[in-house]
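Reviewing the structure listed below.
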Amino acid sequence: MEDIILKLEDITKIYSNGTVANKDINIEFKKGEIHSIVGENGAGKSTLMKIIFAIEKQTLGKIYHKGEEVHYQNSMEAINHGIGMVHQHFMLIPSFTVAQNIVLGNEPTKGAFIDKNEAVRVTQELVKKYNFDIDVTQKVADLTVSAKQKVEILKTLYRNAEIIILDEPTAVLTPQETDQLFEQLIKFKEMGHTIVFISHKLNEVLQISDRISVIRKGVSKGTYDAKDITIDKLTELIIGRKLETNYDGYRRDSENHELILDVRNIDHKDGAGVEKLKNINFSIKAGEILGIAGVQGNGQEELIKTLTGLMPIQNGKISICGNDVSNMSISQKRKAGMSYIPEDRMVDGCAAKESIQDNLISTTYERDKFSGKFFIKAKSIKNNALELIDRFSIKTMSEKEKVGALSGGNIQKVVVAREWSTDPKLMIAEQPTRGIDIGSADYIHKELIEMRNNGKGILLVSADLNEVLALSDRLVVMEQGEIVAYFDSLKGVTESELGLYMLGVKRQSEEEIRRACYD
């Protein structure tokens, strides 16, 4: 079949510890198609992409590229043969220009020196050819998230990639930015490129794909034409069961309406004097979820760090249950009733080299329940871990397994279980389901709603507008460090409308925002 550009035949990957990541995977990728790979975290998608990109070697099976069996020894060989990959976490040098990042490692030269003018010229031609709206002389540090993603794609195109693997490319994009990306992907397809699209957003997968391959527990569940499959059927293939898409049936009214979190007049400037937060005001009552929507980099990080104590407060006041916690340490804020699910589970959320049971007590180990006068209470720590592993359906062989050995979804469950177990009054959930599969995300969503139902106050920060709209009772939108919109009811509010506020196209009046935030 001459239109098959890449073929995987009976690909099996078995790690040295006996874990079977992939088993007898057979997939054919056609030239000039958008082909999505979907599955839960730990299903084997990432391993399969690493094998295609020659970061890892398969244990068994064959790979055919343009009809010939290939044995690429490393990713550079794969790149040189027309395979490119855009990782979820960008690999760019912020202090370099767009042009410098694109040509890095394959720079045009003039004699013994890099020809900077030629680098600008060739990258400008590339930008024009693929109709990208981007200035190649601009520093990457000054770009938006969507522009940085374009630079990553241009890096692969500069190296003549015919096959482009995109890992969660829309995770931090607005609906409008996602539409722009999809328009470009369709143009790439029409120009003969093959796009391998990895995403947990099934509505987007169905929108953009020509064909979809499903992997569950390392085994292929088939390849389907996108036009012939529904989102319900796709969900069932991925997780092995049907999934409810509406959480209204899980909500219960709480009798407690205590003011849990009160944030007043928060401002913050960075070291260069740039305003990152401008007069932030909002409150959360018991039994409600307040969502914060916004494009990444619009003050959410600074706000969360100020609230949690990761960054000192510069101006304003923060109260939890009527107690001023503005200048308290992280541990003091936790004792006042705060818990925190951080955005980056690997950097801030867990100790990857430590066991599950140790991670589950990492914020409470000094409590009498776990620590005696001289020794830790090993049995109590183990029982705590076993209870939480069962309660949160964490898939593991043992409570002593290292957290880093778990799938992304199960690592996130460990973090959520630990924070839930402190019985907080306030839960700050920052991107709680980013990069995890729909089954794990659904479980965490229901846990957050159950906490809400039990009278907790929850602050939900998410770039996933579907998540924000599905879970929140009320919602604010941040743009350029300010609250630019407030919704005390989400009835009729659409992702597209929120996207306009997130991009700065629309803004509510100061009076509307002030009145809403102080009510």
Side-chain angles (χ1 to χ4, degrees), residues 15 17-21 39-44 46-47 200 216-218 238-241 243-244 250 334 339-372 375-424 427-454 456 458:
Y15 288 103
N17 64 0
T19 300
V20 180
E40 292 185 277
N41 280 91
S46 295
T47 300
H200 292 302
R216 189 166 85 228
K217 296 181 180 178
I238 291 170
I239 64 175
R241 58 184 172 85
L243 194 66
E244 296 177 66
Y250 290 90
R334 282 187 171 277
S339 65
Y340 171 45
I341 301 170
E343 175 181 1
D344 193 323
R345 54 181 169 264
M346 300 310 296
V347 174
D348 301 314
C350 71
K353 294 182 179 180
E354 302 303 324
S355 68
I356 295 171
Q357 68 174 16
D358 287 344
N359 271 272
L360 287 171
I361 64 160
S362 59
T363 62
T364 54
Y365 64 90
E366 80 287 356
R367 294 185 179 182
D368 292 342
K369 179 179 179 181
F370 304 122
S371 295
F375 301 102
I376 62 170
K377 299 178 180 178
K379 185 175 181 180
S380 181
I381 292 171
K382 177 179 179 179
N383 288 340
N384 176 72
L386 292 175
E387 288 173 11
L388 291 174
I389 287 169
D390 180 62
R391 170 75 172 75
F392 284 82
S393 300
I394 299 167
K395 296 177 183 177
T396 179
M397 298 296 291
S398 166
E399 74 282 356
K400 295 182 179 179
E401 185 174 6
K402 286 180 170 49
V403 164
L406 303 178
S407 70
N410 283 294
I411 293 172
Q412 191 72 356
K413 285 182 180 180
V414 170
V415 175
V416 174
R418 180 188 65 222
E419 298 305 307
W420 172 89
S421 68
T422 64
D423 192 26
M427 170 71 85
I428 297 176
E430 185 182 18
Q431 313 291 354
T433 62
R434 174 174 290 175
I436 67 173
D437 57 84
I438 54 175
S440 296
D442 177 65
Y443 189 92
I444 290 170
H445 288 164
K446 289 175 179 175
E447 288 298 330
L448 290 175
I449 290 173
E450 186 63 22
M451 290 185 72
R452 165 206 178 275
N453 293 345
N454 290 328
K456 313 300 182 183
I458 298 173

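A distance-only check finds no donor-acceptor pair linking the side chain of N384 to the backbone of S380 [under 3.5 Å].
Of all the heavy atoms in V403 and A351, the pair that sits closest is CB-O, 4.2 Å. Contact record, P432 with I444: O-CD1, 4.0 Å, taken as the closest heavy-atom pair. Of all heavy-atom pairs between Y340 and E419, the closest is N-OE1, 2.8 Å. Contact record, C350 with I411: SG-CG2, 4.1 Å, taken as the closest heavy-atom pair. Heavy-atom minimum distance, M427 versus S339: SD-OG, 3.1 Å.
Distance OG/S398 to CG/L386: 8.0 Å, rounded to 0.5 Å. Once rounded to the nearest 0.5 Å, the distance linking OG1 of T422 with CZ of R334 reads 6.5 Å. Of the inter-residue distances, the one linking I238 atom CD1 with I438 atom CD1 reads 4.5 Å to the nearest 0.5 angstrom. Atom CZ of R418 sits about 6.5 Å away from atom CG of N359, to the nearest 0.5 Å. Taking CE of M451 as the start and CH2 of W420 as the end, the distance is 8.5 Å to the nearest 0.5 Å. Here the CG atom belonging to N453 is positioned 11.0 Å from the CG atom belonging to L448, to the nearest 0.5 angstrom.
Between V415 and P342, the closest side-chain pair of non-hydrogen atoms falls below 4.5 Å. Side-chain atoms of L360 and S421, non-hydrogen and from C-beta on, never get closer than 4.5 Å to each other.
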Step by step, would you call V414 with N410 a side-chain contact (heavy atoms from CB on, under 4.5 Å)?
CA-CA 6 Å; V414 170; N410 283 294; 5.8 Å; no
field: Full working for side-chain contact (heavy atoms from CB on, under 4.5 Å) between Q412 and I341
entry: CA-CA 9 Å; Q412 191 72 356; I341 301 170; 3.7 Å; yes
Test log, rule side-chain contact (heavy atoms from CB on, under 4.5 Å), inputs V416 and Y443
CA-CA 10 Å; V416 174; Y443 189 92; over 6 Å; no
* To do: With side-chain contact (heavy atoms from CB on, under 4.5 Å) as the test, would you mind laying out the steps for D423 and K456 before giving the verdict?
  => CA-CA 9 Å; D423 192 26; K456 313 300 182 183; 2.7 Å; yes
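The list of salt bridge (charged side-chain N to carboxylate O under 4.0 Å, His left out) pairs with a residue in residues 390-416, not counting sequence neighbours, reads R391-E447. Listed by first and then second residue, the salt bridge (charged side-chain N to carboxylate O under 4.0 Å, His left out) pairs involving residues 351-369 amount to none (not counting sequence neighbours).
For OH of Y365, the number of neighbouring non-hydrogen atoms (other residues, nucleotides, ligands) closer than 6.0 Å is 12 at most.
The salt bridge (charged side-chain N to carboxylate O under 4.0 Å, His left out) search around E430 returns none, not counting sequence neighbours.
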